[in-house]
*Asks:* 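To start, I am sharing the structure in question, which I have written as structure tokens.
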Amino acid sequence: ATATMVPFTTNLNDVFISVKTTKHYHHSRLPAIIDTWFQFARNQTWFFTDRDDPYFQNQTNGHMINTKCSSSHNRRALCCKMSVEFDRFLDSGRKWFCHFDDDNYVNVPRLLKLLDNYNPREDWYLGKPSIPAPLEIIRQGPEPQKRPQKVKFWFATGGAGFCISRALALKMTPVAGGGKFITVGDRIRLPDDVTMGYIIEYLLKKQLTVVEQFHSHLEPMKFLSKDTFHEQVSFSYSKGPRDEWNILKIDGFDMKDDPKR
Ligand code: UDP
Ligand code: MN
């Protein structure tokens, strides 16, 4: 009778982590993930790709999912993958859906610590925008006699990673479940992460909670200070024009051995 209620302690098995990838990137991007943070969440992380790859199927312990989406870098193909990621999360029964790109490093313990601040039975959309103001689009509604409307919403940048609680995902199901995510994307003709924001912020009227600890390579990685690395949820890297890398500033690594940090 005296047992204290611990409201929510997030366990690894509460999380479904999806990583979007494509056949052209398997060899250049997956090893860095598999050799590092994947090892902390081997049973919770799934790679969503567009081709069967026995080598990486083996490396990931059977965690490569061939979405059968097109392998071209167009909006439709990317929305198709996000749609499969979302549906697989719904089937998983887990409490949290966290999406990342294949050029993210995920600080798994910190991700769990972050999620522990939120109740998955409530509606949560956690991530970070990469634009300074909400996106504004002009939408022609279902009634053609009405004038096109200005619609404003925030979206979490896919390349920084974002998380959605199960409660929110269930509310999204009528509009976005069972492959319907692609239909919404087609309707607004915007990329997958923008479509996600549109569904959650505009259609469902639930707000994005900004979490500064998510990072995409749209930010300069060198400005992240080393003594806060452990607090960050995700990192990224990219190669700019003229071979300069946008990477974390960490001493003691050789550019040859580890160009991506
Ligand atoms: N991607 C994909 N299909 C493609 C190209 C990219 O699924 O044809 C994925 C890629 O694996 C990554 C994300 O989309 O997870 C973003 O790709 P990239 O980093 O190349 O481009 P960015 O948009 O970050 O500049
Ligand atoms: Mn990228």
Side-chain angles (χ1 to χ4, degrees), residues 16-38 41 44-53 55-57 59-60 63-89 97-108 111 127-131 135 155-164 179 181-182 185-186 189-197 214-222 224 232-248 258-261:
F16 180 92
I17 301 176
S18 69
V19 177
K20 177 172 64 180
T21 188
T22 179
K23 61 180 186 188
H24 308 290
Y25 290 160
H26 288 181
H27 285 275
S28 55
R29 294 189 179 188
L30 298 191
I33 296 178
I34 293 166
D35 293 344
T36 60
W37 66 266
F38 176 71
Q44 296 75 21
T45 305
W46 299 86
F47 297 90
F48 290 79
T49 189
D50 37 44
R51 175 191 278 169
D52 289 328
D53 186 331
Y55 175 77
F56 282 105
Q57 196 59 269
Q59 290 280 300
T60 60
H63 277 221
M64 298 284 287
I65 294 172
N66 184 350
T67 58
K68 308 277 165 80
C69 298
S70 147
S71 61
S72 53
H73 194 180
N74 58 43
R75 191 201 56 71
R76 209 161 192 276
L78 298 180
C79 279
C80 173
K81 264 177 208 161
M82 183 63 77
S83 176
V84 178
E85 290 173 47
F86 183 69
D87 286 337
R88 288 297 287 250
F89 162 69
F97 168 43
C98 296
H99 158 98
F100 295 94
D101 277 0
D102 58 6
D103 50 7
N104 282 132
Y105 179 96
V106 183
N107 185 355
V108 175
L111 176 67
K128 187 158 74 170
S130 53
I131 49 175
L135 187 70
F155 67 95
T157 303
F162 58 80
C163 297
I164 292 170
F181 187 93
I182 306 175
D186 279 345
R189 292 190 308 269
L190 290 167
D192 51 346
D193 52 357
V194 184
T195 303
M196 195 58 94
F214 286 95
H215 303 284
S216 79
H217 56 69
L218 296 170
E219 304 170 34
M221 288 293 125
K222 65 178 176 197
L224 278 171
Q232 311 305 326
V233 171
S234 65
F235 304 95
S236 192
Y237 61 84
S238 63
K239 201 169 178 168
R242 293 185 306 277
D243 268 25
E244 335 99 19
W245 285 84
N246 175 15
I247 47 174
L248 288 172
D258 183 5
K260 302 162 176 178
R261 299 302 189 263

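Order of listing sets the numbers, starting from 1, for every ligand and every atom in it. Both backbone and side-chain heavy atoms feed into the values below; hydrogens, waters and symmetry mates do not.
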*Asks:* Short list, please: which atoms of ligand 1 are under 4.0 Å from a heavy atom of Asp103?
*Replies:*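 Under 4.0 Å from Asp103, ligand 1 has these atoms: 19 (O).
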
*Asks:* Take a 6.0 Å sphere around CZ of Arg76 and say whether it holds more than 12 heavy atoms from other residues, nucleotides or ligands.
*Replies:*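 It does not: Arg76 CZ has 12 such atoms or fewer within range.
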
*Asks:* Ring centroid separation for Phe56 and His27, is it under 6.0 angstrom?
*Replies:*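 Yes, ring centres under 6.0 Å apart.
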
*Asks:* If you take all heavy atoms of Ser234 and Ala160, which pair is closest and at what distance?
*Replies:*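 Of all heavy-atom pairs spanning Ser234 and Ala160, the closest is OG-O, 2.7 Å.
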
*Asks:* Quick test of your reading of the structure: of Lys20, Arg29, His24, whose heavy atom lies closest to atom 18 (P) of ligand 1?
*Replies:*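 Heavy atom nearest to atom 18 (P) of ligand 1 belongs to Arg29.
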
*Asks:* Is a salt bridge present between Asp101 and Arg29, judged by a nitrogen-to-oxygen distance below 4.0 Å?
*Replies:*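 So Asp101 does not pair with Arg29 through a salt bridge.
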
*Asks:* Could you check atom 16 (C) of ligand 1 against the protein and tell me its nearest heavy-atom contact, residue, atom and distance included?
*Replies:*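 Of the protein heavy atoms, Asp101 OD2, 3.5 Å lies nearest.
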
*Asks:* Please note down the angle at the Mn ion (ligand 2) between NE2 of His217 and OD2 of Asp103, to the nearest 10°.
*Replies:*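 Taking the Mn ion (ligand 2) as the apex, I get 100° for this pair.
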
*Asks:* Nearest protein heavy atom to atom 5 (C) of ligand 1, by residue and atom, and its distance?
*Replies:*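 Here the closest protein heavy atom is His73 CG, 3.4 Å.
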
*Asks:* Of all heavy-atom pairs between Phe181 and Asp192, which one has the smallest distance, and what is that distance?
*Replies:*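 Between these two residues, the closest heavy atoms are CZ-O, 3.4 Å.
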
*Asks:* Check each atom of ligand 1 against the heavy atoms of His217 and keep those under 4.0 Å away; list them by number with element.
*Replies:*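 Going through ligand 1 atom by atom, the ones under 4.0 Å from His217 are 24 (O), 25 (O).
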
*Asks:* At less than 4.0 angstrom from any non-hydrogen atom of Lys81, what atoms of ligand 1 do you find?
*Replies:*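 Selected atoms, number and element: 2 (C), 3 (N), 7 (O).
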
*Asks:* Could you tell me how the ring of Phe86 sits relative to the ring of Phe89: parallel (under 30°), tilted (30 to 60°) or perpendicular (over 60°)?
*Replies:*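 Answer is tilted, since the angle falls between 30° and 60°.
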
*Asks:* Identify the heavy atoms of Thr36 and Tyr105 that sit nearest to each other, and give their distance.
*Replies:*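 Nearest pair, atom of Thr36 first, then Tyr105: OG1-CE1, 3.7 Å.
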
*Asks:* With atoms numbered from 1 as shown, which atoms in ligand 1 lie under 4.0 angstrom from a non-hydrogen atom of Ser72?
*Replies:*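 Those of ligand 1 that fall under 4.0 Å from Ser72 are 8 (O).
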
*Asks:* Is any NZ, NE, NH1 or NH2 atom of the basic residue among Lys222 and Glu244 found under 4.0 Å from an Asp or Glu carboxylate oxygen of the other?
*Replies:*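 No salt bridge links Lys222 with Glu244.
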
*Asks:* Non-hydrogen atoms of Ser71 versus ligand 1: any pair closer than 4.0 Å?
*Replies:*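 Yes, that is the case, since the closest heavy atom of the residue is under 4.0 Å from the ligand.
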
*Asks:* At what distance is the nearest protein heavy atom to atom 12 (C) of ligand 1, and which residue and atom is it?
*Replies:*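 Heavy-atom neighbour on the protein nearest atom 12 (C) of ligand 1: Asp102 OD1, 3.2 Å.
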
*Asks:* Do me a favour and list the nearest non-hydrogen protein atom to atom 3 (N) of ligand 1 with residue, atom name and distance?
*Replies:*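 Residue, atom and distance for the closest contact: Thr22 CB, 3.5 Å.
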
*Asks:* What closest approach, in Å, do Ile34 and Phe38 show between heavy atoms, and which atom pair accounts for it?
*Replies:*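 Looking at all heavy atoms of both residues, the closest pair is CA-CB, 3.7 Å.
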
*Asks:* Does an N or O anywhere in Tyr25 fall below 3.5 Å from an N or O of ligand 1?
*Replies:*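 Yes: some nitrogen or oxygen of Tyr25 is under 3.5 Å from one in ligand 1.
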
*Asks:* Below 4.0 Å, non-hydrogen atoms only: which portion of Leu78 touches ligand 1? Side chain, backbone, both or neither.
*Replies:*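 Just the side chain.
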
